[in-house]
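Order of listing sets the numbers, starting from 1, for every ligand and every atom in it. All values reported here derive from a predicted model rather than from experimental measurement. Below, each value reflects all heavy atoms present in this structure, side chains not excepted, and no hydrogens, waters or symmetry copies.
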Amino acid sequence: MSNIKFEEITEDQQVKIPENLVFGQNFTTHYFEMDYETGKGWHNPTIKKFGNFQISPAALVFHYGQAIFEGLKAYKHADGKIALFRPDENIKRMNRSASRLCMPELDMDLAITALKDLVKLEHEWIPTKPGHSLYIRPLMFANDPYIGVKAGDKYKFMIMLSPVGPYYPEGFKPVPILTTDKYVRAVRKGVGDCKTAGNYAASLLAQREAKKEGYTQVLWLDAIEQKYIEEVGTMNIFMQFKDEVVTPNLTGSILPGVTRMSVIDILKDWGYNMIERQVSINEVVDAYNNQNLIEIFGTGTAAIISSVAKLKYNDTIMKFSDEHAGELGTKLYEEILGIQYGEREDKFGWMNYID
Ligand SMILES: *Cc1c(COP(=O)(O)O)cnc(C)c1O
């Protein structure tokens, strides 16, 4: 074991594992917490009972938004082995978010150890039904009680665990997406490439308006010209044209997804002409009209792959299928899930086992 402190809990504080798992609603008995203070560094790494905690109403995070998070999953394989999918990439990304927001970086080894110790302790919570997993949510925020804009001197880092069923309980179903040019998500040189809380608050209104029109998610365009495709909600986006598969290159306003990165590697390995480049919404509409656009799908940890049923842009509705996910999206979904559940060869060495 590491130098992580463990606070014993009593039998009656043990939380029962619920029967029906709804995404993001149930939390395991324990979570991980650690404090930071300028001059002292990270200290007090502790695994303790998950529950409410006290914080000053003046805590910097509530007023000036220094909050970053991550999302990854743990899987239990048929042979009982427990594995995380590329956790080092999530911690690296969290450290990039931290440095952009003047927050302290994590020690890689300590963060990975904390993830593993916590998941190991709560291994009974990892659901084994198909499509189920244990969602892991690391979080960091500034908690100095101080009113006045400044970078905090005090931070908390936490890891909470939530068992989750399949993202789409009714099966891998395509989703309708609305392109918005009424709002923007992020500007280049801003914080769009960081998993920071404010980005999501900023996206809610567009999301709400899309829902009213019957669309599940919003496709964001670049903030300057409202011309180039960026990403969808909490997913990166891929378009399969006749002779290439394209995803927008990382320009600074797009969140660099771990699933995105993995899909790029798999497609290249499969021999696809996988290109990262700027792609305008007009190019996509033209390709659709010329029957040059085969399918569109999103990528992200929660759903892995999300096939696009239809994509609306102004008066154009590009229709794919409401019923069936696209062929390439399905193939990728099966491949990545297969790797994550230990049923397919992990040739890239992405799975990180907990022993
Ligand atoms: C988390 C996230 C993604 C997907 O990243 P993964 O690492 O693949 O889960 C894409 N876009 C946004 C805005 C996100 O927050």
Using distance alone, decide if ligand 1 has a nitrogen or oxygen within less than 3.5 Å of any nitrogen or oxygen in Arg93.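 It does: an N or O of Arg93 is found under 3.5 Å from an N or O of ligand 1.
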Using distance alone, determine whether Thr259 and ligand 1 share an N or O pair under 3.5 Å.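 Yes, at least one N or O pair falls under 3.5 Å.
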Within less than 4.0 angstrom of ligand 1, does Gly233 place any heavy atom?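 Distance cut 4.0 Å: Gly233 passes for ligand 1.
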Contact check, Glu89 vs ligand 1, heavy-atom distance below 4.0 Å: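 Glu89 does not count as a contact of ligand 1 under the 4.0 Å cut-off.
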Between Tyr31 and Phe53, does the ring centre distance come in under 6.0 Å?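 Not under 6.0 Å, so no.
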Find all atoms of ligand 1 within a distance of less than 4.0 Å from any non-hydrogen atom belonging to Gly257, and give their numbers and elements.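 Reading through ligand 1 atom by atom, the close ones are 5 (O), 6 (P), 7 (O), 8 (O).
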For ligand 1, which atoms sit closer than 4.0 Å to a heavy atom of Tyr200?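 Answer for ligand 1: 13 (C), 14 (C), 15 (O).
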Under a 3.5 Å cutoff, is there a donor and acceptor pairing between the side chains of Glu33 and Thr46?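 Their side chains do not contain a donor-acceptor pair, so the 3.5 Å distance test is not met.
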Between [X] and [Y] (salt bridge meaning N to carboxylate O under 4.0 Å), is one present in this structure?
X: Glu231; Y: Arg260; result: no
X: Asp322; Y: Lys319; result: no
X: Lys195; Y: Glu70; result: no

Looking only at protein heavy atoms, which one is nearest to atom 9 (O) of ligand 1, and what is the separation?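 Answer, as residue, atom name and distance: Thr301 OG1, 2.6 Å.
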Looking at atom 4 (C) of ligand 1, what's its closest protein heavy atom, distance included?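 Looking only at protein heavy atoms, the one closest to atom 4 (C) of ligand 1 is Thr234 O, 3.6 Å.
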Can you figure out which of Glu231, Met235, Lys195 has its heavy atom closest to atom 2 (C) of ligand 1?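 Selected option, by shortest heavy-atom distance: Lys195.
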Output the distance between atom CG (Asp35) and atom NZ (Lys156), rounded to the nearest 0.5 Å.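 Reported value, rounded in 0.5 Å steps: 3.5 Å.
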Between CE on residue Met239 and CG on residue Asn292, distance to nearest 0.5 Å: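 If I round to the nearest 0.5 Å, the distance is 13.0 Å.
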